[in-house]
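Working notes, beginning with the structure itself.
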Amino acid sequence: MSWIREGELNLLEKISANILKAGPMPKHVAFIMDGNRRFARKKNMGRQEGHMQGFNKLAETLRWCKHLNIKEVTVYAFSIENFKRTKDEVDGLMELAKQKFERLLEERDNLEKHGVCIRVLGDLNMLPLDVQQVIAKAVLTTRTHNKCFLNVCFAYTSRYEITNAVREMAWGVEQGLIKASDVSEALLSECLYSNNSPNPDLLIRTSGEVRLSDFLLWQTSHSCLVFQSVLWPEYSFWNLCEAILQYQLNHKSIQKARDLHREHQALQQLEADRACVAEHLQHHGNGKPADTQRRQEAFLHYTACREERVQDFLDALKHKRDSFFNDLCSSAILA
């Protein structure tokens, strides 16, 4: 089954889509695709077939999102917690992932035509080497595409992602790229796997479960959360429309919360910079209070230096992550 489904919406779907698009639309939607195993039991089929049906539904959902002008989708494909399942099921999921990413590489012309960029978020070191390599090829093949984005969370949990971001900042301090005083909420966000994406506007979980299961905890603090009872393989265009309508009904309050958070974050950074400048002037002012002009000059100099340090650190972090994917691709070619 193809990752990219062609085809138009039917007349009723088109009319409904146009009505929805008259209101505020989410630009980034995240899905917890839950219910594949329950669907398999319901239909008396094997678990692997249930997971296959779940992938098919993802391809169909991406088509709906394309017609609704939703440019970015993030999906919870495989949690680190899923490694606790039976060996047969985990091995089956790894094989399915390998097959689907290999199929994606076969569709590179179609992906280029639609401008689809594939990103995989998670600790790929936990995966079998052959799965790592095919994922790396898919990521590198589509990395210059910029019309729409599919983020696949694989070997992922949010707590692991946040912990890893803290490790990355600690690495930056150890390497002398940044100072401990440069660490901030905003910098942590830049160190997450999802740093290239805006936070989701809407998060949808299927199957009736009303918990986030360690998915995008940091990124969805100001997102609309919609929990739907339908099993993922049975998800429909109308279920998606219902979730978008919920987003539209709550759009104003969500936007207000985001704006307030941005203002608070900027104020926190301003206060932190002022505190660092005050401490510097106290230690280097020979006990004399600094005048307003000197304080202002010191503040501007400090913030410029901090921003330069942080950017150099983020460039180094990007290089480290890019090298990981490049090395995987090189090892696959040599093999």
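No single ILVMFWY cluster, assembled from side-chain heavy atoms under 4.5 Å apart, contains both Leu249 and Ile70. Follow the hydrophobic side-chain contacts under 4.5 Å out from Leu216 and you reach Val210 in the same cluster. In the hydrophobic cluster analysis, where Ile, Leu, Val, Met, Phe, Trp and Tyr join through side-chain heavy atoms closer than 4.5 angstrom, Ile19 is grouped apart from Ile244. Residue Leu314 is grouped with residue Val166 when hydrophobic side chains (ILVMFWY) are merged at heavy-atom distances under 4.5 angstrom, including chains of intermediate members. Using a 4.5 Å cut-off between side-chain heavy atoms of Ile, Leu, Val, Met, Phe, Trp and Tyr, with links allowed through other members, Val152 and Phe149 fall into different hydrophobic clusters.
Between Phe313 and Trp171, the ring planes lie tilted relative to each other; the angle falls in the 30° to 60° range.
Residues meeting the side-chain hydrogen bond (donor to acceptor under 3.5 Å, both in side chains) test with Glu102, sequence neighbours left out: none. Partners of Asp201 according to the salt bridge (Lys or Arg N to Asp or Glu O under 4.0 Å) rule, which considers only residues two or more places apart in sequence or in another chain, are Arg258. Asn18 pairs by the side-chain hydrogen bond (donor to acceptor under 3.5 Å, both in side chains) definition with nothing, not counting sequence neighbours. For Lys318, the salt bridge (Lys or Arg N to Asp or Glu O under 4.0 Å) partners at least two apart in sequence or on another chain are Asp322. A search for salt bridge (Lys or Arg N to Asp or Glu O under 4.0 Å) contacts involving Glu49 returns nothing, not counting sequence neighbours. Remark: Arg167 engages no residue in a side-chain hydrogen bond (donor to acceptor under 3.5 Å, both in side chains) (not counting sequence neighbours). Partners of Arg63 under the side chain to side chain contact (heavy atoms under 4.5 Å, CB included) rule, at least two apart in sequence or in another chain, are Arg5, Leu9, Glu60, His67. Legend: residues meeting ring-ring contact (aromatic ring centres under 6.0 Å, His included) with His28, ordered by chain and number and at least two apart, are absent. Not counting sequence neighbours, Lys113 has no partner by the side-chain hydrogen bond (donor to acceptor under 3.5 Å, both in side chains) test.
A 4.5 Å side-chain heavy-atom check between Cys148 and Val116 finds at least one atom pair inside the cut-off. A 4.5 Å side-chain heavy-atom check between Arg205 and Ser213 finds at least one atom pair inside the cut-off. His114 places none of its side-chain heavy atoms less than 4.5 Å from the side chain of Leu62. A heavy-atom distance below 4.5 Å is not found between the side chains of Lys43 and Gln53. Inter-residue side-chain proximity for Phe31 and Leu240 is flagged as met; some heavy-atom pair is nearer than 4.5 Å. Using a 4.5 Å heavy-atom cutoff, the side chains of Glu112 and His145 are in contact. In this structure, Tyr76 and Thr157 have side chains that are in contact, with non-hydrogen atoms separated by less than 4.5 Å. Glu263 has its side chain within reach of Leu260: a pair of non-hydrogen atoms, C-beta onward, lies under 4.5 Å apart.
The environment of Lys256 atom NZ is sparse: at most 12 non-hydrogen atoms of other residues, nucleotides or ligands sit within 6.0 angstrom. For Gln175, the CD atom is densely surrounded, since the number of other residues' heavy atoms within 6.0 Å is greater than 12. Within 6.0 Å of the CZ atom in Arg274, the count of heavy atoms belonging to other residues, nucleotides or ligands does not exceed 12.
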His251/Tyr247 under ring pair (Phe, Tyr, Trp, His ring centres under 6.0 Å): CA gap, chis, key distance, verdict: CA-CA 6 Å; His251 176 260; Tyr247 166 78; 5.6 Å; yes

Stepwise side-chain contact (heavy atoms from CB on, under 4.5 Å) test for Lys100 and Phe55: CA-CA 9 Å; Lys100 294 309 176 184; Phe55 174 81; 3.5 Å; yes

Trace of the side-chain contact (heavy atoms from CB on, under 4.5 Å) decision for Lys27 with Lys71: CA-CA 6 Å; Lys27 297 179 179 64; Lys71 301 298 184 184; 5.6 Å; no

Verdict with reasoning, Ile162 to Arg159, per side-chain contact (heavy atoms from CB on, under 4.5 Å): CA-CA 5 Å; Ile162 294 167; Arg159 285 177 294 180; 5.6 Å; no

Intermediate values then yes/no, side-chain contact (heavy atoms from CB on, under 4.5 Å), Asp214 and Glu81: CA-CA 9 Å; Asp214 214 347; Glu81 294 297 312; 5.8 Å; no

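Atom CZ in Phe324 sits 10.5 Å away from atom SG in Cys329 (nearest 0.5 Å). Note that CG of Leu317 is 12.5 Å distant from CG of Asp312, once rounded to the nearest 0.5 Å. Asn196 contributes atom CG, which lies 12.0 Å from atom CZ of Arg143 (distance to the nearest 0.5 angstrom). Taking CD of Glu234 as the reference point, atom NZ of Lys42 lies at 3.5 Å (rounded to 0.5 Å). Taken from CG in Leu93 to CG in Asp88, the straight-line distance is 11.0 Å, to the nearest 0.5 Å. From Leu203, atom CG reaches atom OG of Ser223 across 7.0 Å, with rounding to the nearest 0.5 Å.
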Run the side-chain donor-acceptor check on residues 224-232: report pairs under 3.5 Å with partners two or more places apart or on a different chain.
from   : atom 1 : to     : atom 2 : distance (Å)
Gln228 : OE1    : Tyr235 : OH     : 2.8
Gln228 : NE2    : Asn239 : O      : 2.8
Gln228 : NE2    : Glu242 : OE1    : 3.2
Trp232 : NE1    : Gly54  : O      : 2.9

Just distance, no hydrogens or angles: give the donor-acceptor pairs under 3.5 Å from side chains in residues 188-195, sequence neighbours left out.
from   : atom 1 : to     : atom 2 : distance (Å)
Ser189 : OG     : Glu185 : O      : 3.3
Ser189 : OG     : Trp218 : NE1    : 2.8
Ser194 : OG     : Gln219 : NE2    : 2.7

Would you mind writing out the side-chain donor-acceptor pairs for residues 117-131 within the sub-3.5 Å range, not counting sequence neighbours?
from   : atom 1 : to     : atom 2 : distance (Å)
Arg119 : NH1    : Glu72  : OE2    : 3.3
Arg119 : NH1    : Asn151 : OD1    : 3.4
Arg119 : NH1    : Ser197 : OG     : 2.9
Asp123 : OD1    : Asn125 : N      : 3.1
Asp123 : OD1    : Asn125 : ND2    : 3.4
Asp123 : OD2    : Tyr160 : OH     : 2.4
Asp130 : OD2    : Lys98  : NZ     : 3.2

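Of all the heavy atoms in Thr142 and Ala138, the pair that sits closest is OG1-O, 3.1 Å. Of all heavy-atom pairs between Gln248 and Leu20, the closest is NE2-O, 2.8 Å. Looking at every heavy atom in both residues, Ala40 comes nearest to Gly46 through CB-O, 3.5 Å. Contact detail for Ala243 and Ile204: the closest heavy-atom pair is CB-CD1, 3.5 Å.
Among Arg294, His301, Arg295, Gln293, the single residue meeting the side chain to side chain donor-acceptor pair (under 3.5 Å) criterion with Glu297 is Gln293.
Asp182 contributes a side-chain N or O that, together with a main-chain N or O of Lys179, makes up a donor-acceptor pair within less than 3.5 Å.
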